[in-house]
Asks: 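Dumping the structure here so I can ask a few things about it.
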Amino acid sequence: MGLSSRHSVTLSPRPATRPILSVRDLVVHYHTSRGAVQAVNGVSFDIAEGERLGLVGESGSGKSTIALALLRLIRPPGRIESGEIVLDDVDLLSLDEEEMRQVRLARIALVAQGAMNSLNPVLRVKEQIRDGLHDHAAELSGRAFDDRVYELLHSVGLRRDVADMFPHELSGGMKQRVCMAIAISLRPTLIIADEPTSALDVVVQRQVMDTLLKVQEELGAAIILIGHDMGLMAQVVDRVGIMYAGNLAEVSPVADLFRTPLHPYSDLLIASLPSFEVKGAFQGIPGLPPSLLNRPVGCSFRARCPRAFERCATVEPRLREVQPERLVSCHLY
Ligand code: SF4
(Lines give C-alpha, C1' and ligand atoms only; values in the text may rest on other atoms or scores of the structure.)
Protein backbone atom coordinates (compact mmCIF):
# COMPACT_ATOMS: atom_id res chain seq x y z
CA MET A 1 0.00 0.00 0.00
CA GLY A 2 1.12 3.55 -0.63
CA LEU A 3 1.01 6.24 1.95
CA SER A 4 -2.53 6.85 3.11
CA SER A 5 -4.26 10.07 2.18
CA ARG A 6 -5.86 9.90 5.60
CA HIS A 7 -2.98 11.57 7.35
CA SER A 8 -1.89 15.18 7.59
CA VAL A 9 -4.77 16.54 5.53
CA THR A 10 -4.35 20.29 5.16
CA LEU A 11 -7.66 21.97 4.74
CA SER A 12 -8.45 25.29 3.21
CA PRO A 13 -9.51 28.15 5.47
CA ARG A 14 -12.72 28.04 3.42
CA PRO A 15 -15.53 28.20 4.31
CA ALA A 16 -15.05 31.73 5.64
CA THR A 17 -18.00 31.55 7.99
CA ARG A 18 -18.30 28.97 10.73
CA PRO A 19 -18.48 25.46 9.29
CA ILE A 20 -21.71 23.77 10.25
CA LEU A 21 -20.36 20.42 9.10
CA SER A 22 -16.80 19.13 9.38
CA VAL A 23 -15.89 15.71 8.04
CA ARG A 24 -12.44 14.41 8.88
CA ASP A 25 -10.64 11.30 7.64
CA LEU A 26 -13.88 9.45 6.94
CA VAL A 27 -13.31 5.80 6.04
CA VAL A 28 -16.17 3.50 4.96
CA HIS A 29 -15.69 -0.12 3.94
CA TYR A 30 -18.09 -2.76 2.64
CA HIS A 31 -17.05 -6.17 3.93
CA THR A 32 -17.53 -8.88 1.32
CA SER A 33 -16.42 -12.50 1.07
CA ARG A 34 -13.62 -11.28 -1.23
CA GLY A 35 -12.38 -8.66 1.21
CA ALA A 36 -13.08 -5.08 2.22
CA VAL A 37 -14.29 -2.75 -0.52
CA GLN A 38 -12.74 0.58 0.44
CA ALA A 39 -15.59 2.78 -0.72
CA VAL A 40 -14.52 5.97 1.08
CA ASN A 41 -10.84 6.23 1.85
CA GLY A 42 -10.16 9.09 4.24
CA VAL A 43 -12.28 11.99 3.03
CA SER A 44 -12.21 15.41 4.74
CA PHE A 45 -14.20 18.55 3.96
CA ASP A 46 -16.10 21.40 5.60
CA ILE A 47 -19.29 23.17 4.65
CA ALA A 48 -20.42 26.56 5.95
CA GLU A 49 -23.87 27.84 6.84
CA GLY A 50 -25.85 28.47 3.70
CA GLU A 51 -23.12 27.11 1.45
CA ARG A 52 -23.71 24.95 -1.62
CA LEU A 53 -21.16 22.19 -2.08
CA GLY A 54 -21.32 19.86 -5.06
CA LEU A 55 -19.90 16.35 -4.90
CA VAL A 56 -19.26 15.00 -8.36
CA GLY A 57 -17.85 11.71 -9.58
CA GLU A 58 -18.40 8.62 -11.64
CA SER A 59 -20.64 5.93 -10.19
CA GLY A 60 -18.78 4.00 -7.51
CA SER A 61 -16.59 6.98 -6.64
CA GLY A 62 -17.99 7.09 -3.10
CA LYS A 63 -20.18 10.19 -3.25
CA SER A 64 -23.45 8.48 -2.29
CA THR A 65 -21.67 6.44 0.39
CA ILE A 66 -20.57 9.74 1.93
CA ALA A 67 -24.21 10.89 1.97
CA LEU A 68 -25.28 7.71 3.78
CA ALA A 69 -22.37 7.97 6.19
CA LEU A 70 -23.32 11.55 7.12
CA LEU A 71 -26.77 10.25 8.03
CA ARG A 72 -25.24 7.17 9.68
CA LEU A 73 -27.34 5.02 7.40
CA ILE A 74 -24.55 2.71 6.22
CA ARG A 75 -25.90 -0.80 6.72
CA PRO A 76 -24.00 -4.11 6.94
CA PRO A 77 -21.91 -5.30 5.22
CA GLY A 78 -20.94 -1.62 5.12
CA ARG A 79 -19.35 0.05 8.12
CA ILE A 80 -17.90 3.42 9.04
CA GLU A 81 -14.40 2.34 10.03
CA SER A 82 -13.06 5.62 11.33
CA GLY A 83 -13.24 9.38 11.05
CA GLU A 84 -15.17 12.25 12.49
CA ILE A 85 -18.43 13.86 11.40
CA VAL A 86 -19.22 17.01 13.38
CA LEU A 87 -22.52 18.79 12.74
CA ASP A 88 -23.23 21.97 14.72
CA ASP A 89 -20.47 21.05 17.17
CA VAL A 90 -21.94 17.56 17.76
CA ASP A 91 -19.83 14.52 16.90
CA LEU A 92 -22.39 12.37 15.10
CA LEU A 93 -20.32 9.20 15.38
CA SER A 94 -20.47 9.40 19.17
CA LEU A 95 -24.28 9.55 19.36
CA ASP A 96 -26.42 6.57 20.28
CA GLU A 97 -29.10 5.39 17.85
CA GLU A 98 -31.92 7.39 19.43
CA GLU A 99 -29.89 10.61 19.47
CA MET A 100 -28.94 10.02 15.85
CA ARG A 101 -32.58 9.44 14.94
CA GLN A 102 -33.38 12.87 16.36
CA VAL A 103 -30.58 14.41 14.25
CA ARG A 104 -31.97 12.72 11.15
CA LEU A 105 -35.43 14.02 11.93
CA ALA A 106 -34.55 17.60 12.66
CA ARG A 107 -31.07 18.61 11.57
CA ILE A 108 -30.25 16.80 8.33
CA ALA A 109 -32.70 16.43 5.47
CA LEU A 110 -32.14 13.89 2.72
CA VAL A 111 -33.71 14.46 -0.67
CA ALA A 112 -32.83 11.41 -2.70
CA GLN A 113 -33.42 10.33 -6.28
CA GLY A 114 -36.17 7.86 -5.44
CA ALA A 115 -37.64 9.87 -2.56
CA MET A 116 -40.99 10.20 -4.28
CA ASN A 117 -41.39 6.43 -4.24
CA SER A 118 -41.17 6.50 -0.45
CA LEU A 119 -44.53 8.26 -0.11
CA ASN A 120 -47.22 6.09 1.42
CA PRO A 121 -49.81 5.41 -1.34
CA VAL A 122 -52.77 5.20 1.06
CA LEU A 123 -52.15 8.39 3.02
CA ARG A 124 -53.12 11.91 1.97
CA VAL A 125 -50.24 14.39 1.61
CA LYS A 126 -51.34 16.22 4.76
CA GLU A 127 -51.01 13.05 6.83
CA GLN A 128 -47.57 12.34 5.43
CA ILE A 129 -46.45 15.82 6.41
CA ARG A 130 -47.92 15.20 9.87
CA ASP A 131 -45.74 12.06 10.10
CA GLY A 132 -42.76 14.12 8.99
CA LEU A 133 -43.37 16.65 11.74
CA HIS A 134 -43.50 13.81 14.30
CA ASP A 135 -43.87 14.99 17.88
CA HIS A 136 -43.88 18.59 16.71
CA ALA A 137 -47.23 18.05 14.95
CA ALA A 138 -48.87 17.34 18.30
CA GLU A 139 -47.85 20.80 19.50
CA LEU A 140 -49.85 22.44 16.71
CA SER A 141 -53.62 22.85 16.98
CA GLY A 142 -55.77 21.72 14.03
CA ARG A 143 -55.84 25.15 12.39
CA ALA A 144 -52.19 25.92 13.13
CA PHE A 145 -51.21 22.52 11.74
CA ASP A 146 -53.17 23.14 8.52
CA ASP A 147 -51.50 26.54 8.18
CA ARG A 148 -48.08 24.93 8.62
CA VAL A 149 -48.90 22.35 5.93
CA TYR A 150 -50.06 25.07 3.51
CA GLU A 151 -46.96 27.11 4.25
CA LEU A 152 -44.71 24.11 3.54
CA LEU A 153 -46.57 23.28 0.33
CA HIS A 154 -46.36 26.90 -0.76
CA SER A 155 -42.61 26.98 -0.10
CA VAL A 156 -42.09 24.09 -2.54
CA GLY A 157 -44.40 25.59 -5.15
CA LEU A 158 -47.52 23.47 -4.55
CA ARG A 159 -51.12 24.63 -4.16
CA ARG A 160 -52.87 24.11 -0.82
CA ASP A 161 -55.38 21.62 -2.26
CA VAL A 162 -52.49 19.17 -2.74
CA ALA A 163 -52.73 18.65 1.04
CA ASP A 164 -55.84 16.48 0.60
CA MET A 165 -54.55 14.48 -2.36
CA PHE A 166 -53.11 10.99 -2.48
CA PRO A 167 -49.70 10.33 -4.11
CA HIS A 168 -51.28 8.67 -7.17
CA GLU A 169 -53.03 11.96 -7.97
CA LEU A 170 -49.69 13.76 -8.27
CA SER A 171 -47.10 13.93 -11.06
CA GLY A 172 -43.51 12.81 -10.39
CA GLY A 173 -42.38 16.41 -9.99
CA MET A 174 -45.18 17.16 -7.52
CA LYS A 175 -44.35 14.05 -5.50
CA GLN A 176 -40.71 15.08 -5.32
CA ARG A 177 -41.85 18.53 -4.11
CA VAL A 178 -43.96 16.88 -1.40
CA CYS A 179 -40.87 14.93 -0.31
CA MET A 180 -38.98 18.21 -0.15
CA ALA A 181 -41.74 19.75 1.98
CA ILE A 182 -41.50 16.81 4.39
CA ALA A 183 -37.69 16.96 4.41
CA ILE A 184 -37.60 20.66 5.33
CA SER A 185 -40.54 20.61 7.73
CA LEU A 186 -38.28 20.73 10.80
CA ARG A 187 -35.99 23.40 9.35
CA PRO A 188 -32.78 21.37 8.93
CA THR A 189 -29.37 23.02 8.96
CA LEU A 190 -28.05 20.65 6.31
CA ILE A 191 -29.76 19.30 3.19
CA ILE A 192 -28.22 16.36 1.38
CA ALA A 193 -29.57 16.17 -2.14
CA ASP A 194 -28.47 12.95 -3.87
CA GLU A 195 -29.36 13.21 -7.56
CA PRO A 196 -32.67 14.72 -6.43
CA THR A 197 -34.11 15.27 -9.89
CA SER A 198 -32.65 12.49 -12.00
CA ALA A 199 -35.78 10.32 -11.81
CA LEU A 200 -37.88 13.16 -13.24
CA ASP A 201 -38.83 14.22 -16.71
CA VAL A 202 -36.08 16.46 -18.06
CA VAL A 203 -38.53 19.35 -18.48
CA VAL A 204 -39.35 19.52 -14.79
CA GLN A 205 -35.87 18.72 -13.49
CA ARG A 206 -34.70 22.32 -13.52
CA GLN A 207 -37.91 23.65 -11.96
CA VAL A 208 -37.67 21.18 -9.08
CA MET A 209 -33.98 21.97 -8.62
CA ASP A 210 -34.71 25.70 -8.57
CA THR A 211 -37.35 25.11 -5.91
CA LEU A 212 -34.95 23.05 -3.80
CA LEU A 213 -32.32 25.80 -3.96
CA LYS A 214 -34.88 28.51 -3.16
CA VAL A 215 -36.01 26.58 -0.10
CA GLN A 216 -32.39 26.00 0.96
CA GLU A 217 -31.71 29.72 0.71
CA GLU A 218 -34.82 30.63 2.67
CA LEU A 219 -33.86 28.22 5.44
CA GLY A 220 -30.25 29.39 5.42
CA ALA A 221 -29.33 25.70 5.32
CA ALA A 222 -26.19 24.33 3.75
CA ILE A 223 -26.64 21.88 0.90
CA ILE A 224 -24.51 19.05 -0.41
CA LEU A 225 -25.60 18.40 -3.95
CA ILE A 226 -24.48 15.01 -5.20
CA GLY A 227 -24.51 14.25 -8.88
CA HIS A 228 -22.65 13.77 -12.11
CA ASP A 229 -23.97 16.72 -14.11
CA MET A 230 -21.04 19.11 -14.28
CA GLY A 231 -23.07 21.68 -16.21
CA LEU A 232 -25.66 21.84 -13.45
CA MET A 233 -22.95 22.12 -10.80
CA ALA A 234 -21.37 25.00 -12.70
CA GLN A 235 -24.62 26.90 -12.45
CA VAL A 236 -25.74 26.25 -8.90
CA VAL A 237 -23.01 25.41 -6.37
CA ASP A 238 -20.34 27.53 -4.65
CA ARG A 239 -17.65 24.86 -4.44
CA VAL A 240 -17.17 21.47 -6.02
CA GLY A 241 -15.50 18.37 -4.64
CA ILE A 242 -14.40 15.95 -7.35
CA MET A 243 -14.52 12.36 -6.11
CA TYR A 244 -12.37 9.61 -7.55
CA ALA A 245 -12.09 6.04 -6.24
CA GLY A 246 -13.24 6.94 -2.74
CA ASN A 247 -11.11 10.06 -2.36
CA LEU A 248 -11.48 13.76 -3.03
CA ALA A 249 -9.23 14.53 -5.99
CA GLU A 250 -9.90 18.27 -5.86
CA VAL A 251 -12.03 20.77 -3.93
CA SER A 252 -12.28 24.23 -5.50
CA PRO A 253 -14.62 27.18 -5.88
CA VAL A 254 -16.73 26.33 -8.89
CA ALA A 255 -15.54 29.19 -11.14
CA ASP A 256 -11.86 28.38 -10.45
CA LEU A 257 -12.44 24.71 -11.12
CA PHE A 258 -13.93 25.35 -14.55
CA ARG A 259 -11.41 28.06 -15.44
CA THR A 260 -8.28 26.21 -14.34
CA PRO A 261 -8.88 22.65 -13.18
CA LEU A 262 -5.85 21.51 -11.17
CA HIS A 263 -6.19 17.75 -10.90
CA PRO A 264 -5.66 15.87 -14.19
CA TYR A 265 -8.96 14.06 -13.60
CA SER A 266 -10.85 17.36 -13.15
CA ASP A 267 -9.16 18.59 -16.29
CA LEU A 268 -10.34 15.59 -18.32
CA LEU A 269 -13.87 15.83 -16.93
CA ILE A 270 -14.20 19.47 -17.88
CA ALA A 271 -12.56 18.97 -21.27
CA SER A 272 -15.21 16.32 -22.01
CA LEU A 273 -18.01 18.89 -21.70
CA PRO A 274 -19.17 20.54 -24.91
CA SER A 275 -18.56 24.04 -23.50
CA PHE A 276 -18.60 25.94 -20.24
CA GLU A 277 -22.19 27.05 -20.65
CA VAL A 278 -23.62 23.89 -22.14
CA LYS A 279 -25.36 21.65 -19.70
CA GLY A 280 -24.26 18.08 -19.94
CA ALA A 281 -23.26 15.02 -17.99
CA PHE A 282 -19.71 13.89 -18.46
CA GLN A 283 -19.33 10.89 -20.70
CA GLY A 284 -16.44 9.39 -18.84
CA ILE A 285 -12.84 9.22 -19.87
CA PRO A 286 -10.79 6.32 -21.22
CA GLY A 287 -10.00 3.51 -18.80
CA LEU A 288 -11.64 2.33 -15.63
CA PRO A 289 -11.31 3.29 -11.98
CA PRO A 290 -9.23 0.85 -9.92
CA SER A 291 -10.75 -1.98 -7.92
CA LEU A 292 -11.60 -0.76 -4.45
CA LEU A 293 -10.94 -4.27 -3.15
CA ASN A 294 -7.26 -3.99 -3.95
CA ARG A 295 -6.35 -0.37 -4.18
CA PRO A 296 -3.23 0.20 -6.25
CA VAL A 297 -0.06 1.44 -4.65
CA GLY A 298 0.53 5.12 -5.33
CA CYS A 299 -2.05 7.39 -6.96
CA SER A 300 -5.38 5.67 -7.70
CA PHE A 301 -5.75 7.72 -10.90
CA ARG A 302 -2.33 6.73 -12.26
CA ALA A 303 -3.54 4.17 -14.83
CA ARG A 304 -5.66 6.83 -16.56
CA CYS A 305 -3.52 9.88 -15.95
CA PRO A 306 -1.78 11.45 -18.96
CA ARG A 307 0.62 13.29 -16.65
CA ALA A 308 1.69 10.42 -14.37
CA PHE A 309 5.37 10.24 -13.45
CA GLU A 310 7.57 8.00 -11.34
CA ARG A 311 6.53 9.18 -7.89
CA CYS A 312 2.85 8.52 -8.71
CA ALA A 313 3.54 4.76 -8.80
CA THR A 314 4.79 4.55 -5.24
CA VAL A 315 3.35 7.35 -3.12
CA GLU A 316 -0.32 8.10 -2.64
CA PRO A 317 -0.93 11.86 -2.94
CA ARG A 318 -2.71 13.69 -0.11
CA LEU A 319 -5.38 16.33 -0.40
CA ARG A 320 -3.80 19.65 0.50
CA GLU A 321 -4.21 23.33 -0.17
CA VAL A 322 -2.05 24.43 -3.07
CA GLN A 323 -3.67 27.80 -3.79
CA PRO A 324 -5.98 29.93 -1.67
CA GLU A 325 -9.23 28.02 -1.29
CA ARG A 326 -8.06 25.26 -3.61
CA LEU A 327 -7.23 21.74 -2.51
CA VAL A 328 -5.86 19.03 -4.72
CA SER A 329 -4.58 15.53 -4.30
CA CYS A 330 -1.81 15.25 -6.89
CA HIS A 331 2.02 15.17 -6.91
CA LEU A 332 2.16 17.80 -9.64
CA TYR A 333 1.54 20.47 -6.99
FE1 SF4 B 1 -1.60 11.95 -12.25
FE2 SF4 B 1 0.41 11.55 -10.59
FE3 SF4 B 1 -1.26 13.56 -10.15
FE4 SF4 B 1 -2.02 11.03 -9.78
S5 SF4 B 1 -0.46 12.12 -8.64
S6 SF4 B 1 -3.17 12.62 -10.79
S7 SF4 B 1 -0.95 9.99 -11.42
S8 SF4 B 1 0.12 13.32 -11.88
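Positions are given from 1 along the sequence. Just follow the structure's listing: the first ligand is 1, and inside any ligand the first atom is 1. Source: prediction; values computed, not measured.
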Asks: For K126, run the salt bridge (Lys or Arg N to Asp or Glu O under 4.0 Å) check against D146, D161, D147, D131 and tell me which one passes.
Replies: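 Per the salt bridge (Lys or Arg N to Asp or Glu O under 4.0 Å) rule, the option paired with K126 is D146, out of D146, D161, D147, D131.
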
Asks: Cation over ring, R130 on F145, under 6.0 Å and within 45°?
Replies: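 Positive - R130 is close enough to the ring of F145 and near enough to its axis.
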
Asks: Counting from 1, what ligand 1 atoms have a heavy atom of H263 closer than 4.0 Å?
Replies: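 Answer for ligand 1: 6 (S).
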
Asks: On a heavy-atom basis, which atom in L248 and which in M243 lie closest, and how many Å separate them?
Replies: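 Scanning both residues completely, I find the closest heavy atoms to be CD2-SD, 3.6 Å.
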
Asks: Within less than 2.8 Å of atom 2 (Fe) of ligand 1, how many protein N/O/S atoms are there?
Replies: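 The number of such protein atoms is 1.
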
Asks: How close do L257 and R326 get, counting heavy atoms only, and between which atoms?
Replies: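 For L257 and R326, the tightest heavy-atom pair comes out as CA-NH2, 3.7 Å.
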
Asks: Determine, using ring centers only, whether F301 and H263 are less than 6.0 Å apart.
Replies: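 Yes: the rings meet the under 6.0 Å criterion.
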
Asks: Rounded to the nearest 0.5 Å, what's the gap from CD on Q176 to OG1 on T211? Could you check?
Replies: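 If we round to the nearest 0.5 Å, Q176:CD and T211:OG1 are 11.0 Å apart.
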
